[in-house]
Amino acid sequence: MTNSEIVDLLELTGRLMELHDRDTFKTRTFQTAAFNLDKSTADLANLPVDELIKLQGVGKSVAQKIREIAETGHLTDLDELLAETPSGVLDMFRIKGLGVKKVRTLWRELGIDNLRDLQLAGENGQIAKIKGFGASTQEKILAALEFLQEQQGKVRMDKAAMIANLLRDELLKHFDRVEISGQVRLKAQEVDAVQLLVQTSDPVSAMLTLGSLPNVVQNERESSPFAWRGQLNGFDVQVEILFYPAEQIDQQLFIHSAAEPHLKQAGPTGITLLQAAYTSNESTETAIYERAGLPYIVPEMREDDFAFRWASRHQNDELVTWEDLHGTLHNHSTWSDGKQSVADMAAYCRKLGLTYFGIADHSKTASYAGGLDAERVHQQQLEIDQLNAGFGNDFRIFKGIESDILGDGSLDYDDATLATFDYVVASVHQTLTMSLEKATTRLLRAIEHPYTTILGHPTGRLLLAREGYPIDHRAIIDACAEHNVIIEINASPYRLDIDWHWIEYAMQQGVMLSINPDAHDLPGLLDMHYGVAIGRKGGLTKAMTFNALTLKEMSDYLQQRREKIRNRV
Ligand SMILES: [Zn+2]
Ligand SMILES: [Zn+2]
């Protein structure tokens with residue numbers, strides 16, 4: 001059992017106790033423990049009670065509950081609460097903006113215990129009439145319901161890749177060749193079907209083999225003699241496994257790894273890629289492009305005609321790769337809401353072969369995330385100086401900050417404090433509901449600030465969970481070009497923000513992009529792999545990738561920039 005699994009169970013228990021009006025004091029012990037343990041690096045599953053109670057927010061009773069979870073995989077208290085809660089009421093917690101109190105009111109006063117009834121009540125105007133709700137809450141609930149419906153059956157790219165790899169490894173025990181195709185190979189940021197191709201000359205026995213696999217459930221109505229469709233247990237996304245004989249699999253792999261508009265592209269001969277795929281004697285992907293008279297396009301870019309526009313100006317080997325990255329710039333540590341120390345994060349970066357590690361903890365206004373006031377900034381920088389003194393010339397920690405962009409677009413510190421950083425990532429974290437004009441103006445002001453180096457997660461979106469605030473992307477990118485501000489590709493699979501569709505425009509305006517993992521722990525640093533994938537999808541070149549600069553180039557760049565500001569301010 002991982003820490004986050006344990007914390008989730010504690011959190012849900014606290015939430016359901018509140019929903020069912022249980023003893024307030026007991027309820028709070030669960031909530032406090034969940035809140036505090038969320039950031040803990042202690043190995044919760046393996047600590048005895050007398051060690052657990054030393055952790056902040058953990059009393060004896062919660063410690064015993066943690067032991068129960070670790071030993072049995074569940075919690076009796078929670079099982080009882082779940083038995084009393086209609087599953088539709090639990091679904092209501094997935095609606096953004098609905099806390100326990102509102103869910104309880106909707107359930108108790110209007111008798112709403114499922115999402116369908118919730119939608120009807122909203123459409124009939126009943127929700128607006130409840131005390132404490134009003135028309136705007138009703139509108140938000142309806143919008144969130146619509147968003148939720150659109151997201152149903154989808155997973156983010158990290159989970160989709162995990163499912164695809166798991167299935168491929170399992171299938172390779174039974175078949176000679178298995179290929180991941182479809183949206184996963186295209187590096188789609190949201191995936192509604194995980195697709196694999198299996199080589200077999202005997203689809204009947206292949207189907208029987210699939211029937212014997214553990215953890216998969218077939219949807220027989222959707223399946224056919226050559227296509228197994230169903231799900232992997234526990235994942236709300238369709239899995240599709242298609243059978244092809246050896247002589248067709250290359251051709252089919254190509255056809256299943258490109259969007260339709262891409263397949264319809266024709267070269268000077270008038271032959272489309274799809275026709276070329278069906279008529280080539282040789283069915284390797286390079287041969288198919290050659291036959292159509294088109295340049296070879298990497299799988300992640302096979303969406304539409306964008307790739308060919310791109311290819312008229314660039315070569316495939318210009319695309320950024322993981323090996324091109326020399327460092328990382330947007331990361332958190334235990335100084336704010338990260339789980340590991342600056343030293344441990346830096347050490348891991350060195351292990352990954354990176355030559356610089358940029359720390360950009362939260363700024364003071366982000367108090368919910370342990371944002372640093374000026375004094376703590378100073379202390380952190382002393383720590384970094386000390387750590388840097390221990391490195392040779394081949395590694396360095398840069399002193400950054402993720403400064404909140406305040407409501408009026410200003411940054412979170414005075415100039416004297418801002419001047420102490422090597423660089424500043426400016427991001428919006430609070431008051432996310434804004435009109436397009438308001439959001440754009442707010443970001444423009446932050447971009448104009450002389451100390452802003454990188455614009456962080458420009459829309460604030462959380463994939464499959466929260467739409468970003470609307471912004472005028474062109475105006476933002478143009479302003480970044482004018483003020484020499486780099487735009488982040490937030491590489492967390494939850495964000496992937498700025499959206500890849502805007503990468504080409506940014507590059508054309510001369511705006512560099514930085515693949516920033518926004519890591520809060522060691523594995524988070526590996527999220528840069530998703531950033532590379534999504535960057536390549538948008539045609540990002542090594543030359544326009546900020547953190548592809550070498551240590552020397554990055555040091556010089558940041559140094560020159562600081563000098564320029566000093567002369568200006
Ligand atoms: Zn942020
Ligand atoms: Zn961050």
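Just follow the structure's listing: the first ligand is 1, and inside any ligand the first atom is 1. The figures that follow rest on heavy atoms only: side chains count, while hydrogens, waters and symmetry mates do not.
The N, O or S atom of E402 lying closest to the Zn ion (ligand 2) is OE1. Considering just the N/O/S atoms of D518, the one nearest the Zn ion (ligand 2) carries the name OD1.
Rounding to 10 degrees gives 100° for the angle at the Zn ion (ligand 1) between NE2 of H429 and NE2 of H457. Vertex the Zn ion (ligand 2), arms ending at NE2 of H332 and NE2 of H330: the angle is 100° after rounding to 10 degrees.
Taking every heavy atom of both residues into account, H457 and S427 meet most closely at CE1-CB, 3.4 Å. In terms of heavy atoms, I471 sits closest to I476 at CD1-CG1, 4.2 Å.
A 4.5 Å side-chain heavy-atom check between K187 and R536 finds every atom pair outside the cut-off. Between Y494 and L496, the closest side-chain pair of non-hydrogen atoms is not below 4.5 Å. Using a 4.5 Å cut-off on side-chain heavy atoms (C-beta onward), Q183 and E190 make no contact.
For H362, every N, O or S atom stays at 2.8 Å or more from the Zn ion (ligand 1).
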